[in-house]
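Worksheet: the structure to be examined is printed underneath.
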Amino acid sequence: MILNKKFYRHKTLRVAKNLIGKYLVREIDGKKLRVKIVETEAYLGKSDKASHAFKNKRTDRTKYLYRCGGTVYIYLIYGIYYCLNIVTSSVYKPHSVFIRAAEPIEGIKEMKQFRKKNINDLKELTNGPSKLCQSLKLDKTFNGKKVYNPDSELVIMSSENVEKNYKINKSPRINIDYAREDKDKKWRFYLSNSEFCSN
DNA sequence: CTACAGATGGCCT
DNA sequence: GGCCATCTGTAGG
């Protein structure tokens, strides 16, 4: 089942936690690529010094954060890599959940092709935000698309028949030392005991 | 195994 | 001009 629009219209910390264990499904050339989300981070907009939308900053890049929950926000980082976010909350709050890592489930052959490196170790496909974008062939053209829309090439699905009692840990977010007093907030969530988390 | 420098360009001041 | 929600190759223990 595709998660509906309402799923994203809640407090961002809750959505970040609830996204752990869900399936991210990418359709490309009739092939289905499926991964299980194992690591996320919450970015709380106006009041969060680590957020691109701190103080409600609105630019050509960040405008997608002001769309409805379930909208895709992808940005270029370090000139070469992409990072995936899912917008949450209401259109008045530019919040999002950053997807940091996942476990490859289906379409592994295709993911290996999209990553340029020769990968032997499965977790090297998706154990980082930009590795994930490479494996799923995601880029800025996905900006503004809706992950609750069945016609999208990128959707998020609930995981029925998968163990429901996930143990989820919290920690500070990664690589946001510039965020001063917000850098120690425990807004990163990850599936405990998963080898597929980032390092 | 860990440590670190370099890649590379859009974004924002 | 400086920074950046990253990754990789290489150097060294």
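Each chain gets a letter, A, B and so on, in the order the sequences are listed, and its residues count up from 1.
Residue-level contact check: A/Arg115 touches the backbone only, with heavy atoms under 4.0 Å from sugar-phosphate atoms and none from bases. Residue A/Asn85 is in base contact, counting any heavy-atom pair closer than 4.0 Å across all strands shown.
Considering only the side chain of A/Ile77, C/dC4 comes nearest among B/dC12, C/dC4, C/dC7. Of the candidates C/dT8, C/dA5, B/dT13, the closest approach to any side-chain atom of A/Glu124 belongs to C/dT8. When each of C/dA5, B/dC12, C/dC7 is scored by its nearest atom to the side-chain atoms of A/Tyr178, the top-ranked nucleotide is C/dA5. The A/Lys131 side chain lies nearest to C/dT8 when the options are C/dT6, B/dT13, C/dT8. Counting only heavy atoms from C-beta on, A/Asn175 has its side chain closest to C/dT6 among C/dT8, B/dC12, C/dT6.
The side-chain ring of A/Tyr43 is stacked on the base of C/dA5, judged by centre separation under 5.5 angstrom and plane angle under 30 degrees.
Taking the ring axis of A/Phe142 as reference, the NZ or CZ atom of A/Lys145 stays within 45° of it and closer than 6.0 Å to the ring centre.
Checking A/Lys36, A/Lys32, A/Arg34, A/Arg26 one by one against A/Glu106, the side chain to side chain donor-acceptor pair (under 3.5 Å) holds for a single residue, A/Arg34.
What separates CG of A/Asp139 from P of B/dG10 is a distance of 14 Å, to the nearest Å.
Look at the P atom in both C/dA5 and B/dA3: the space between them is 22 Å, to the nearest Å.
The pair A/Asp48-A/Arg173 counts as a salt bridge, with a side-chain nitrogen and a carboxylate oxygen less than 4.0 angstrom apart.
The residue among A/Arg61 and A/Tyr78 whose nearest nucleotide of DNA chain B lies closer to the 5′ end is A/Tyr78. Of the residues near DNA chain B, A/Ile80 and A/Lys140, the one whose nearest nucleotide (by heavy atom distance) lies more toward the 5' end is A/Ile80.
For the 3.5 Å distance criterion, the side chains of A/Thr12 and A/Thr88 qualify, holding a donor opposite an acceptor.
Across all strands shown, C/dC7 forms a Watson-Crick or G-U wobble pair with B/dG6, both key distances being under 3.5 Å.
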